[in-house]
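The figures here come from the full heavy-atom set of this structure, side chains too, leaving out hydrogens, waters and symmetry mates.
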Amino acid sequence: MGFTKSELVQFFDGLTELVSEENRGKARVQIRKFLLSFEKSYQYEDAVMHSGVSYLPPYYIVAMPQTMQEEIRKKLTVKLTELGEYSAERVEQSMRSRIYDLEGLIDTKDYAKWVDKEIYRNFQKRLEASKW
């Protein structure tokens, strides 16, 4: 049986209420550690559940650093030219997509690693800023 992050938080909140007052602080620390590990394993759930946000999450190419964008643009231009499908519009359309959408065109492994680290780093910041 699988749980979403929200369901896990609700479950742990219920368990925390059963713990004695002096052990609640310890229980909350353990819950935060577990949730951090959970988020690292299932880091895309937050992005999926908050798809209506006004900013572009880091897995979109336009949210990546400019140097990465230029590198991706060059690789796309070369690959699309090789395939005979090059056009400036096609490159720009690809640049507005998520890095994972380009998997068939270019090697996205290094960019995906950067995205994973960025999502995890942002989650850690939110976790540290949250008050339990």
**Q** Leu76 versus Met95: any side-chain heavy-atom pair under 4.5 Å?
**A** yes
**Q** Look up atom OH in Tyr86 and atom CG in Leu80, then write down how far apart they are to the nearest 0.5 Å.
**A** 8.5 Å
**Q** Where the side chain of Thr108 meets the backbone of Tyr111, is there a donor-acceptor pair that is under 3.5 Å apart?
**A** no
**Q** Would Glu70 and Gln66 satisfy side chain to side chain donor-acceptor pair (under 3.5 Å), going step by step from the backbone distance to the final call?
**A** CA-CA 6 Å; Glu70 290 305 316; Gln66 192 65 33; 3.2 Å; yes
**Q** With rounding to the nearest 0.5 angstrom, report the NZ to CG distance, Lys79 to Leu102.
**A** 12.5 Å
**Q** So, do Ile72 and Met64 sit near enough that their side-chain heavy atoms are less than 4.5 Å apart?
**A** yes
**Q** Give me the atom names and distance for the closest heavy-atom approach of Trp114 to Ala63.
**A** CH2-O, 4.4 Å
**Q** With a 4.0 Å cut-off on N to O distance, would you call Arg73 and Glu92 a salt bridge?
**A** yes
**Q** Mind listing the closest non-hydrogen atom pair of Ala112 and Tyr100 along with its distance?
**A** CB-CE2, 3.6 Å
**Q** Apply side-chain contact (heavy atoms from CB on, under 4.5 Å) to the pair Val78 and Ile106, showing each step before the final yes or no.
**A** CA-CA 10 Å; Val78 169; Ile106 62 172; over 6 Å; no
**Q** Determine, stepwise, if the pair Glu71 / Lys75 fulfils side-chain contact (heavy atoms from CB on, under 4.5 Å).
**A** CA-CA 6 Å; Glu71 190 177 312; Lys75 288 182 179 182; 3.8 Å; yes
**Q** Go through it in stages, so that I can follow the logic: the residues are Gln69 and Ile61, the test is side-chain contact (heavy atoms from CB on, under 4.5 Å), and I'd like the CA-CA distance, side-chain angles, deciding distance and then a yes or no.
**A** CA-CA 6 Å; Gln69 288 183 44; Ile61 297 169; 4.1 Å; yes
**Q** When you look at Lys109 and Lys113, which way does the side-chain contact (heavy atoms from CB on, under 4.5 Å) test go after all the steps?
**A** CA-CA 6 Å; Lys109 183 175 65 172; Lys113 283 181 186 177; 4.2 Å; yes
**Q** Is there a side-chain contact between Tyr60 and Ile99, using heavy atoms and a 4.5 Å cut-off?
**A** no
